[in-house]
Amino acid sequence: MDKTYQPSTIEKQWYETWESNGYFAPSGEGDPYSIMIPPPNVTGSLHMGHGFQESIMDALIRYNRMKGKNTLWQVGTDHAGIATQMVVERLLDAEGKTRHDLGREKFIEKVWEWKEESGGNITRQLRRLGASPDWSRERFTMDDGFYKAVQEVFVRLYDDKLIYRGKRLVNWDPKLHTAISDLEVINEEKKGHLWHFNYPLSDGSGHLTVATTRPETMLGDTAVAVNPDDERYKALIGKTIKLPLTDREIPIIADDYVDMAFGTGCVKITPAHDFNDYEMGQRHNLEMINIFNDDAHINSNAPEKYVGLDRFVARKKIVEDLEALGLLEKIDDHNLKVPYGDRSGVVIEPYLTNQWYVKTQPLADEAIKAVEDGDINFVPKQYENMYFSWMRDIQDWCISRQLWWGHRIPAWYDDAGNVYVGRDEAEVRTKYSLADSLALKQDEDVLDTWFSSGLWTFGTLGWPEDTDFLKTFHPSSVLVTGFDIIFFWVARMIMLTLYFKKEIPFNTVYVHGLVRDSHGQKMSKSKGNVLDPIDLIDGIDLETLVQKRTAGMQVPQLKQKIEKMTRKEFPEGIAPYGTDALRYTYYSLASTGRDINFDVGRIEGFRNFCNKLWNASNYVLMNTEEHDCAQDGSSDYELTLADRWIVSRLQQAEKAVIEGIESYRLDLASQALYDFIWKDYCDWYLELTKPVLWDDNADEAVKKGTRRTLIRVLETILRLAHPLMPFITEEIWQRVKPLAGAEGDTIMLARYPVPDATKIDQQAITDIEWAKGIILGVRNIRGEMNIAPSKHIPIYIKNGSDDDKRCLADNLQFLKKLASLESVEWLTDADEAPLSATALVGKLEILVPMAGLIDKEAELARLQKESDKLTKEVERLEAKLNNPKFVDKAPAEVVDKEKNRLADVNNALGKLAEQQNKIRNL
RNA sequence: AGGACCAUAGCUCAGUUGGUUAGAGCGCUACCUUGACAUGGUAGAGGUCGGCGGUUCAAAUCCGCCUGGUCCUACCA
């Protein structure tokens with residue numbers, strides 16, 4: 001093996017091997033385990049959030065696959081109606097064309113062309129992450145089969161009276177010319193104004209002052225409302241207003257909704273352009289006057305002089321005109337929330353249009369019940385509250401979109417405007433007994449992308465046909481997703497799946513946090529703080545990174561700021577860390593928190609961890625290859641204390657890792673594995689094998705036992721780690737397996753370790769801990785006293801029990817090697833010890849002779865530091881034990897524990913004082 | 001306005017049902033190229049667990065209030 005770990009040389013090759021050998025596909029044996037990938041947007045490229053999420057899913061899948069389950073990871077992308085259409089329109093725009101120049105059919109062809117060429121970006125990147133979905137079953141929400149499922153669902157919901165068409169106020173995107181759901185609207189706090197206008201009463205007896213943040217909508221006002229209890233205006237209710245700038249008269253109405261304390265207590269009502277006004281309009285049967293076109297320019301319902309003006313131009317003009325009429329009372333500064341389209345970035349208009357809706361209440365009731373009854377569990381549990389709060393206040397779902405790219409609504413109209421819903425025109429004619437001569441026209445609109453992705457868990461498995469895959473893998477085992485998408489997708493999937501499949505889509509929803517930058521900022525292009533997972537894998541030099549982050553930036557100051565920040569944060573660019581390190585970093589951050597701050601400092605640590613594993617394996621291979629490691633199954637070997645210890649610790653580590661994975665705490669799993677590999681296996685065990693393997697006089701059976709343990713524990717570690725770090729483990733495993741007596745073509749399909757409690761040798765653990773205590777004591781003296789590591793020193797041991805004696809005998813060779821000892825001598829009470837530095841391990845005293853090595857003052861200072869620490873501890877313990885309430889009320893074992901501890905600490909303190917006196921009196 | 005979540009070492013984070021000497025990684029200090037590894041080793045420094053109060057023999061952990069931060073939902077025109 002190469003001396004240092006080079007991820008780039010192993011990753012690609014192994015991925016190709018796995019994929020071409022079909023290892024990702026379900027085995028067809030064992031209990032089914034399935035995960036449906038939250039389909040990434042086909043226009044997208046892999047961002048840190050995807051990287052995080054896919055890494056988690058891959059770990060779960062690999063773990064369960066190795067446990068022998070029949071594992072399906074269903075992959076695919078969604079067609080992302082608006083986003084994809086926008087991408088292709090932008091391309092057309094570069095040629096100076098619009099989609100209307102092409103026409104619907106040609107445009108859709110173009111989109112498909114684009115999808116074939118560029119749509120595979122994100123799936124290619126997924127492969128770089130080492131993801132192991134069954135690529136042969138990759139689905140796209142616009143695939144024929146999926147299309148069929150979508151149509152089926154629409155038709156059935158319509159026939160079941162759960163889909164209806166209605167003219168309602170929707171969130172309208174004036175740039176994209178489509179309705180969007182309220183989840184796609186981002187409300188942002190903006191500084192604006194509150195304009196106060198005087199509306200004259202028709203009878204000339206005065207005026208009312210109304211306040212508005214949107215003066216342009218006054219052209220569509222059809223009432224002024226006051227609170228019925230408002231003494232100021234009670235007398236005016238029922239009178240009319242002469243609406244300025246128009247020739248209309250509008251009534252003054254009374255409604256509880258009006259807050260007497262806000263503004264003037266009079267509200268202008270524009271039912272066609274405001275959601276609250278709309279409802280009031282319904283209550284009072286007000287006329288609805290729409291004053292906008294699709295692009296939010298004033299339409300011909302308004303006075304001629306405003307027709308065709310953009311809404312913001314019209315606003316200015318109207319304010320000017322009202323001012324000229326002397327009707328502008330005042331302008332106050334005012335903070336308000338402005339709705340923006342999350343795709344287009346323009347201000348969204350409440351707009352009156354015909355749309356299709358899903359009646360959600362009956363679906364939601366079932367969906368709530370499924371979670372209440374525990375059929376579906378959220379992890380962490382707290383997200384259930386979020387789910388419930390949204391579900392219990394659910395609005396009907398507007399599913400039509402005025403786009404070309406998407407699932408076209410299977411509804412047809414005759415010239416009279418009658419609606420017929422069916423799977424195709426022929427079916428519609430039969431179903432509704434329509435004459436062939438009747439002209440039918442299909443609805444122009446398409447369905448919301450989330451409508452189709454709501455069918456994802458069963459639509460991808462062949463529904464409406466009852467396929468074997470559907471029977472085997474539905475419901476899926478777990479959904480892994482971010483909390484930001486609970487409403488968008490999770491809730492809708494649960495509703496639609498329960499209705500059509502009469503079963504839940506998944507047993508568990510594992511909700512993870514959102515990946516942010518190291519300061520907790522959301523990663524965004526405009527902030528210039530985006531990290532590309534691929535750059536973390538392959539590395540990127542500073543100049544390219546700066547360029548990438550500032551590309552397309554229009555504002556020079558912003559560009560400069562981002563460049564400066566990037567150069568400061570990554571003066572050397574980003575090193576190539578490799579996929580395994582990236583994945584491990586994700587796992588280490590996968591705790592229950594909502595925000596995941598990604599700090600590049602941590603990935604470096606895990607790259608080092610990979611290197612550590614790599615080099616440790618190198619050591620193991622050097623000592624086992626071409627040696628007898630009992631790989632033939634022979635049993636003429638002996639295990640050392642160290643061997644028994646590491647095997648014991650391995651069982652405990654396996655248990656901790658498995659518990660972490662099973663409870664969706666990959667941070668705990670990765671931490672347990674990290675500690676075991678680095679601290680137990682590398683720092684201690686490998687060092688403990690050296691005195692055996694390097695001893696020419698050592699018993700061959702003992703050497704064989706050590707080699708056997710070395711290689712077998714390593715082989716187990718690799719399997720244990722594989723779901724988290726697939727590439728490095730496979731690479732090393734291939735070399736290790738013959739020596740460990742393991743079989744199989746790939747570690748991917750090897751069996752996951754199962755902890756065996758009977759292999760835990762408690763005595764071995766205690767004894768090695770004892771040895772570690774002594775070694776650490778000596779090392780502490782060495783370190784503090786600056787004794788060169790190369791200097792071999794003698795030590796004396798005093799005040800030991802028989803058990804200590806036994807431990808010493810068992811550990812002597814380990815102690816000598818790991819603490820660089822020249823000799824270890826046992827002292828009885830009668831023996832006169834030389835002047836020494838002292839370390840305490842329990843009651844045991846370890847003496848390092850000072851002669852020629854240790855300065856008297858330095859040792860006194862070291863002892864003082866030690867006793868200061870212990871003195872504080874004594875004070876704390878005494879205070880506690882002198883408190884009668886503690887002694888009376890706390891459980892006896894807790895009290896005993898503290899008593900013992902106090903005795904120990906006091907004893908140690910006494911010895912330290914004794915030692916200090918000895919040195920001082922010299 | 002209502003609700004949720006968060007606040008632990010300089011930084012990024014763990015800390016399961018109250019009882020540990022409060023941990024890890026990075027960074028920092030000192031020493032070390034010893035035959036797996038300087039992407040390393042050894043030793044060490046660093047925290048009154050945001051603040052105040054309460055419950056308890058015992059609180060980082062449970063409760064209340066406050067401060068600071070993030071987010072969600074609903075919005076007053």
Side-chain angles (χ1 to χ4, degrees), chain A residues 1 3-5 187 194 210-214 217 225 257-259 261-270 274-277 334 336-337 382-383 385-386 389-390 393 483-484 486-487 514 516 518-520 522 575 577 581 585 588-589 591-623 659 663 665 667-668 671 674-675 682-683 686-687 690 694 776 779-790 820 869-870 872-873 876-877 880 883-891 893-895 897-898 901 905:
Chain A
M1 299 211 312
K3 193 177 167 186
T4 49
Y5 163 65
N187 288 303
L194 197 56
V210 298
T212 181
T213 54
R214 302 198 52 199
T217 62
Y257 162 79
V258 179
D259 178 358
F262 186 86
T264 59
C266 300
V267 190
K268 63 189 267 313
I269 303 299
T270 323
D274 181 282
F275 288 101
N276 289 311
D277 292 7
H334 182 68
L336 72 164
K337 289 272 177 76
Q382 73 217 27
Y383 287 107
N385 292 331
M386 197 171 174
S389 72
W390 190 72
D393 189 32
F483 65 83
D484 55 329
I486 289 179
F487 310 138
L514 261 37
R516 299 167 176 281
S518 61
H519 311 293
K522 211 166 181 168
Y577 294 117
T585 311
S588 74
L589 295 170
S591 59
T592 57
R594 212 187 45 183
D595 296 317
I596 291 158
N597 295 358
F598 193 95
D599 185 350
V600 176
R602 292 199 69 166
I603 193 174
E604 188 172 346
F606 292 117
R607 190 267 321 262
N608 296 351
F609 174 57
C610 292
N611 187 56
K612 189 76 181 174
L613 177 60
W614 185 265
N615 283 300
S617 305
N618 214 359
Y619 166 81
V620 175
L621 288 169
M622 277 169 49
N623 285 289
E659 280 173 359
S663 61
R665 287 300 304 271
D667 59 326
L668 300 181
Q671 182 73 41
Y674 182 100
D675 287 345
C682 294
D683 284 351
L686 294 193
E687 295 305 320
K690 289 174 183 175
W694 294 353
L776 291 173
R779 281 179 180 172
N780 177 273
I781 292 171
R782 269 184 185 282
E784 298 267 299
M785 298 300 124
N786 267 329
I787 300 171
S790 53
S820 297
K869 217 191 271 176
L870 294 182
K872 271 189 198 157
E873 181 69 2
R876 193 183 65 82
L877 289 164
K880 208 168 181 181
N883 180 355
K885 287 179 184 166
F886 171 71
V887 181
D888 292 346
K889 296 197 177 175
E893 68 226 52
V894 173
V895 177
K897 200 175 139 198
E898 298 293 41
R901 167 125 190 95
V905 175

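Chain letters run A, B, ... following the sequence lines, proteins first, then strands; residues in each count from 1. Only this structure's heavy atoms are used, side chains among them; waters, hydrogens and symmetry mates stay out. No experiment lies behind these values; they were computed from the predicted model shown.
With B:C75, B:A36, B:U21 as the candidates, the nucleotide lying closest to the side chain of A:Tyr257 is B:C75. The side chain of A:Lys897 has B:G19 as its nearest neighbour among B:G19, B:U39, B:G40. Picking from B:A14, B:C5, B:G35 the nucleotide with the shortest atom distance to the side chain of A:Gln382 gives B:C5. The side chain of A:Asp683 sits closest to B:U42 out of B:U39, B:U42, B:G19. Distances were taken from every side-chain heavy atom of A:Asn780 (C-beta onward) to each of B:A43, B:C57, B:C37; the shortest belongs to B:A43. Side-chain proximity of A:Thr4 to B:U39, B:C13, B:A74: nearest is B:U39. Of the candidate nucleotides B:U39, B:C57, B:A4, B:A4 has the atom lying nearest to any side-chain atom of A:Arg594. For A:Arg779, the listed nucleotide lying nearest its side chain is B:A43; candidates were B:A43, B:C13, B:A36. Considering only the side chain of A:Leu686, B:A36 comes nearest among B:A77, B:C75, B:A36. The side chain of A:Lys3 approaches B:C37 more closely than any other nucleotide in the set B:A14, B:C37, B:A36.
Counting non-hydrogen atoms under 4.0 angstrom, A:Pro891 reaches a base of the nucleic acid. Residue A:Leu336 is classed as a sugar-phosphate contact, given heavy-atom separations below 4.0 Å to backbone atoms only. Across all strands, A:Phe598 comes closer than 4.0 Å to no nucleic acid atom at all (heavy-atom distances). Within the nucleic acid shown, A:Asp259 comes within 4.0 Å of at least one base atom, counting heavy atoms only. At a threshold of 4.0 angstrom between heavy atoms, the contacts of A:Ser518 are confined to the sugar-phosphate backbone, with no base atom among them. No engagement by A:Cys610 is indicated, since no non-hydrogen atom pair under 4.0 Å with the nucleic acid exists.
The interatomic distance linking A:Tyr5 (OH) with B:A36 (P) rounds to 22 Å, in whole Å. The nearest whole Å value for the distance from the CD1 atom in A:Ile781 to the P atom in B:U42 is 17 Å. Whole-Å rounding puts the A:Leu514 CG to B:A4 P distance at 20 Å. Rounded to a whole Å, the CG atom of A:Asn786 is 16 Å from the P atom of B:U29. One atom, CG of A:Asp393, and another, C1' of B:G3, lie 13 Å apart when rounded to the nearest Å. With rounding to whole Å, A:Glu604 atom CD is found 8 Å from B:U39 atom C1'. In this structure, A:Lys522 places its NZ atom 7 Å from P of B:C71, rounding to the nearest Å. Atom CG in A:Asn615 sits roughly 11 Å away from atom P in B:U39 (whole-Å rounding).
In this model, the phosphate group of B:U21 is approached by a side-chain N or O of A:Arg901 to a distance below 4.0 Å at OP1 or OP2. A close approach under 4.0 Å does occur between a side-chain nitrogen or oxygen of A:Asn608 and OP1 or OP2 of B:G40. Regarding contacts with the backbone of B:U34, every side-chain N or O of A:Ser790 stays at 4.0 angstrom or more from both OP1 and OP2. In this structure, A:Lys885 does not reach the B:C57 phosphate: none of its side-chain N or O atoms is under 4.0 Å from OP1 or OP2. In terms of phosphate contacts, A:Arg665 brings a side-chain nitrogen or oxygen within less than 4.0 Å of OP1 or OP2 of B:G15.
Across the P atoms, B:G47 and B:C6 are found 26 Å apart, a figure rounded to whole Å. With both ends at atom P, the span from B:C26 to B:U70 equals 30 Å, rounded to whole Å. B:G18 and B:G25 have their C1' atoms separated by 28 Å, with the value rounded to a whole Å. Between B:A9 and B:G50, the distance separating the two C1' atoms is 15 Å to the nearest Å. Comparing B:G51 with B:A7, their P atoms sit 13 Å apart, to the nearest whole Å. On the P atoms, B:G35 is 45 Å away from B:C49, given to the nearest whole Å. Between the P atoms of B:G27 and B:G40, the separation comes to 9 Å (whole Å). Comparing B:A24 with B:C66, their C1' atoms sit 32 Å apart, to the nearest whole Å.
If you find the closest nucleotide of RNA chain B to A:Cys266 and to A:Asn611, the one lying nearer the 5' end belongs to A:Asn611. Nucleotides of RNA chain B nearest to A:Ala211 and A:Gly783 differ in position, and the one nearer the 5' end is that of A:Gly783.
Put simply, the side chain of A:Arg782 and the base of B:U42 share no donor and acceptor less than 3.5 Å apart. Residue A:Glu687 places a side-chain atom within donor-acceptor reach of the base of B:A36, judged by atom type and a 3.5 Å distance cut-off alone.
You'll find the side chain of A:Leu589 reaches within 4.5 Å of the side chain of A:Arg602, heavy atoms only. Two residues are said to be in side-chain contact when any heavy atoms from C-beta on lie closer than 4.5 Å; A:Leu668 and A:Glu659 fail this criterion. The side-chain heavy atoms of A:Val894 and A:Phe886, taken from C-beta on, include a pair separated by under 4.5 Å. Contact check for A:Ser820 versus A:Arg782: side-chain heavy atoms found under the 4.5 Å cut-off. By the 4.5 Å heavy-atom criterion applied to side chains, A:Tyr383 and A:Arg594 are counted as neighbours. Residues A:Thr592 and A:Arg665 are in side-chain contact: their nearest non-hydrogen atoms beyond the backbone lie under 4.5 Å apart.
A:Phe606 and A:Tyr577 have their aromatic ring centers separated by at least 6.0 angstrom.
Annotation: cation-pi geometry satisfied between A:Lys690 and A:Tyr619 (NZ/CZ under 6.0 angstrom from ring centroid, within 45° of ring axis).
Atom CG in A:Asn608 sits 12.5 Å away from atom CG in A:Leu613 (nearest 0.5 Å).
Side chains of A:Gln671 and A:Asp667: no donor on one and acceptor on the other come within 3.5 Å.
A stacked arrangement is assigned to A:Trp694 and the six-membered base ring of B:G35, with a centre-to-centre distance below 5.5 Å and an interplanar angle below 30°.
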Checklist outcome for this item: Parsed dot-bracket for RNA chain B after applying the Watson-Crick and G-U rules with both distances under 3.5 Å and | for other-strand partners is (((((((..((((.....[...)))).(((((.......))))).....(((((..]....))))))))))))....

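Salt bridge status for A:Arg901 with A:Glu898: absent, with no side-chain N to carboxylate O gap under 4.0 Å.
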